[in-house]
K.L.:
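Please read through the structure below; I'll follow up with questions.
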Amino acid sequence: MAGEEGAGQEKGFKLLGILDVQRTPCAKDAILHGAGGSVAAGMLFFLSTSRVRRTFDVGFAGFMLTTLGSWFYCRMNNAKLRVQQRVIQEGIRNKELNIYVPIILVPSLICHWAVLHLASLPAGTLKI
Amino acid sequence: MAHPSQLGFQDAASPVMEELLHFHDHALMIVFLISTLVLYIIVTMVVTKLTDKLILDSQEIEIIWTLLPAMILILIALPSLRILYLMDEINDPHLTIKAMGHQWYWSYEYTDYEDLGFDSYMIPTQDLTPGQFRLLEADHRMVIPVESPIRVLISADDVLHSWAVPCLGIKMDAVPGRLNQTAFITSRPGVFYGQCSEICGANHSFMPIVVEAVPLEHFENWSSMMLEDT
């Protein structure tokens with residue numbers, strides 16, 4: 001059992017030992033964008049001012065801002081997709097219920113259960 | 001369920017746990033950036049030759065290091081509070097189950113329609129069949145219909161216990177004389193494991209919780225079978 005699970009799972013790469021960039025959605029893109037932004041900001045600053053120390057500071061600030069910006073942008077898009085996914089799943093589920101009509105005549109638990117479950121469906125879902 | 005040497009969360013099986021996972025990723029990214037910033041500042045301070053004994057104050061940096069932490073805290077607090085209130089919502093549960101903690105087993109009661117109750121003991125290691133999980137399997141599972149809101153009322157018969165299922169994002173103390181309530185919806189069918197999470201005596205580690213989410217028809221068959229057996 002453990003061997004099967006180990007074979008199927010990649011070993012994640014953790015930055016600073018805490019952030020698993022491979023398994024955390026949006027993390028890899030955010031860090032890569034941050035690295036690119038850092039290099040770009042630092043190079044631009046150095047080319048314009050030739051100040052080495054301050055270049056590193058600007059580069060680091062560029063890394064932080066680009067990482068944060070990319071992270072939030074990606075997370076917002078992911079959140080919108082998740083909402084859409086739930087709406088689609090709900091729609092598919094309702095569409096299936098339009099076809100399947102549960103006529104259950106067994107008394108007690110099952111009958112009460114069916115009534116309760118069917119009562120929670122939106123109006124017009126069942127077509128008998 | 002958990003796999004060996006796991007450090008992170010288990011895969012989510014309920015919408016609330018999915019939200020918790022997303023919030024955890026969000027908070028962890030902020031923690032990572034703060035750690036990187038601190039590391040950079042430490043390295044800068046160690047290697048710098050710029051020292052000035054006459055600096056008395058600096059309004060700009062004081063403003064930055066006051067406003068920035070405040071903004072970070074708001075950035076963390078808002079999603080956190082949103083999930084906190086989301087976890088407290090209980091929207092018209094389809095089924096109510098009572099989970100009672102005993103020394104050292106759980107008992108479950110489905111009393112909405114008929115009187116169905118059973119005990120859930122851990123399967124000892126020597127009685128496990130190949131493929132079963134050590135210290136996690138129980139002889140009777142708490143079976144629930146998938147994608148239905150379930151309310152669980154948790155209490156205890158003797159000492160403190162805690163009913164916890166990590167992949168559902170649930171942990172609730174079982175207190176003698178008190179009824180605690182929690183609710184959840186399972187997003188997918190499957191078997192979800194948990195363990196008692198409050199020290200309760202010698203066999204505290206040997207009273208697992210097993211929740212099995214099945215389609216409605218299977219739940220109906222199971223409940224009929226359990227009623228016949230009792």
Side-chain angles (χ1 to χ4, degrees), chain A residues 1-6 8-9 11-12 14-21 23-27 30-31 34 38 53-54 56-57 59-61 63-68 70-72 74-75 78-79 82 85-86 89-90 93 100 102 104 106-117 119-120, chain B residues 1-9 15 18-19 21-22 24-26 28-37 39-41 43-44 47-50 68 72 75 79 91-95 110 112-116 130-134 145 147-149 187 216-217 219-221 223-224 226-227:
Chain A
M1 210 49 144
E4 290 171 13
E5 286 170 358
Q9 281 181 339
K11 212 171 175 184
K14 291 189 175 182
L15 283 177
L16 291 185
I18 56 173
L19 184 68
D20 190 337
V21 289
R23 292 212 194 99
T24 307
C26 298
I31 296 296
S38 160
R53 268 199 183 276
R54 190 50 60 97
F56 282 103
D57 297 338
F60 185 76
F63 169 77
M64 298 277 280
L65 290 171
T66 316
T67 302
L68 268 176
S70 171
W71 171 259
F72 282 119
C74 180
R75 298 283 288 186
N78 272 10
R82 269 189 291 136
Q85 181 193 0
R86 281 189 199 146
Q89 274 180 339
E90 200 64 37
R93 197 177 306 132
Y100 168 67
I104 299 169
V106 178
S108 70
L109 171 73
I110 297 173
C111 188
H112 288 146
W113 173 267
V115 168
L116 204 65
H117 192 61
S120 67
Chain B
M1 58 157 287
H3 57 79
S5 67
Q6 177 173 346
L7 291 178
F9 288 114
E18 285 176 26
E19 294 295 324
L21 286 182
H22 288 291
H24 173 261
D25 293 340
H26 165 78
L28 198 62
M29 176 56 83
I30 293 174
V31 164
F32 167 75
L33 289 175
I34 292 172
S35 304
T36 314
L37 176 67
L39 195 61
Y40 180 76
I41 291 173
V43 169
T44 306
V47 302
T48 189
K49 292 179 185 141
L50 303 171
L68 196 60
I72 291 172
L75 216 54
N91 298 322
D92 189 26
H94 291 174
L95 188 64
Y110 296 62
D112 280 347
Y113 310 108
E114 299 280 346
D115 269 333
L116 171 60
Q132 287 189 310
F133 302 115
R134 190 181 73 94
E147 289 179 358
S148 293
S187 322
L216 180 59
E217 304 83 48
F219 174 76
E220 292 167 356
N221 296 336
S223 55
S224 303
M226 291 295 287
L227 283 167

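Sequence lines set the chain letters: A, B, ... in the order given, protein chains first and strands last, and positions in each chain run from 1.
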K.L.:
With Val43(B), which residues qualify under side chain to side chain contact (heavy atoms under 4.5 Å, CB included), at least two apart?
P.N.:
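If we apply the side chain to side chain contact (heavy atoms under 4.5 Å, CB included) test to Val43(B), skipping adjacent residues, there are no hits.
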K.L.:
Examine whether an atom of Leu75(B) lies under 4.5 Å from a heavy atom of chain A, and if so say whether it belongs to the side chain, the backbone or both; otherwise answer neither.
P.N.:
side chain
K.L.:
Which residues satisfy the side chain to side chain contact (heavy atoms under 4.5 Å, CB included) test with Leu33(B), sequence neighbours excluded?
P.N.:
Phe63(A), Met64(A), Thr67(A), Leu68(A), Met29(B)
K.L.:
Answer with side chain, backbone, both or neither: which region of Leu37(B) has an atom nearer than 4.5 Å to a non-hydrogen atom of chain A?
P.N.:
both
K.L.:
Can you tell me how the ring of Phe9(B) sits relative to the ring of His24(B), calling it parallel under 30°, perpendicular over 60° and tilted otherwise?
P.N.:
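Because their plane-to-plane angle is over 60°, the rings of Phe9(B) and His24(B) count as perpendicular.
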K.L.:
Can you measure from CG (Asp25(B)) to CZ (Arg23(A)) and round to the nearest 0.5 angstrom?
P.N.:
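Rounded to the nearest 0.5 Å, the CG-CZ separation comes to 12.0 Å.
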K.L.:
Given a strict heavy-atom distance threshold of 4.5 Å, which part of Ala61(A) is in contact with chain B: side chain, backbone, both, or neither?
P.N.:
neither
K.L.:
Go through the atoms of Ile31(A) and report whether side chain, backbone, both or neither lie under 4.5 Å from a heavy atom of chain B.
P.N.:
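For Ile31(A), the contact with chain B is made by the side chain alone.
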K.L.:
So for Glu19(B), is it side chain, backbone, both, or neither that comes closer than 4.5 Å to the heavy atoms of chain A?
P.N.:
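Side chain only.
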K.L.:
Quick check: are there more than 12 heavy atoms from other residues, nucleotides or ligands sitting under 6.0 Å from CZ of Arg54(A)?
P.N.:
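Open.
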K.L.:
For Thr36(B), is it the side chain, the backbone, both or neither that has a heavy atom under 4.5 Å from a heavy atom of chain A?
P.N.:
both
K.L.:
Can you say whether Asp57(A) sits under 4.5 Å from chain B via the side chain, the backbone, both, or neither, judging by heavy atoms?
P.N.:
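Both backbone and side chain of Asp57(A) come within 4.5 Å of chain B.
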K.L.:
Test your reading of the model: is there a side-chain donor-acceptor pair from Tyr40(B) to the backbone of Phe56(A), 3.5 Å cut-off?
P.N.:
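Yes; judged by distance alone, with no hydrogens or angles, the pair exists.
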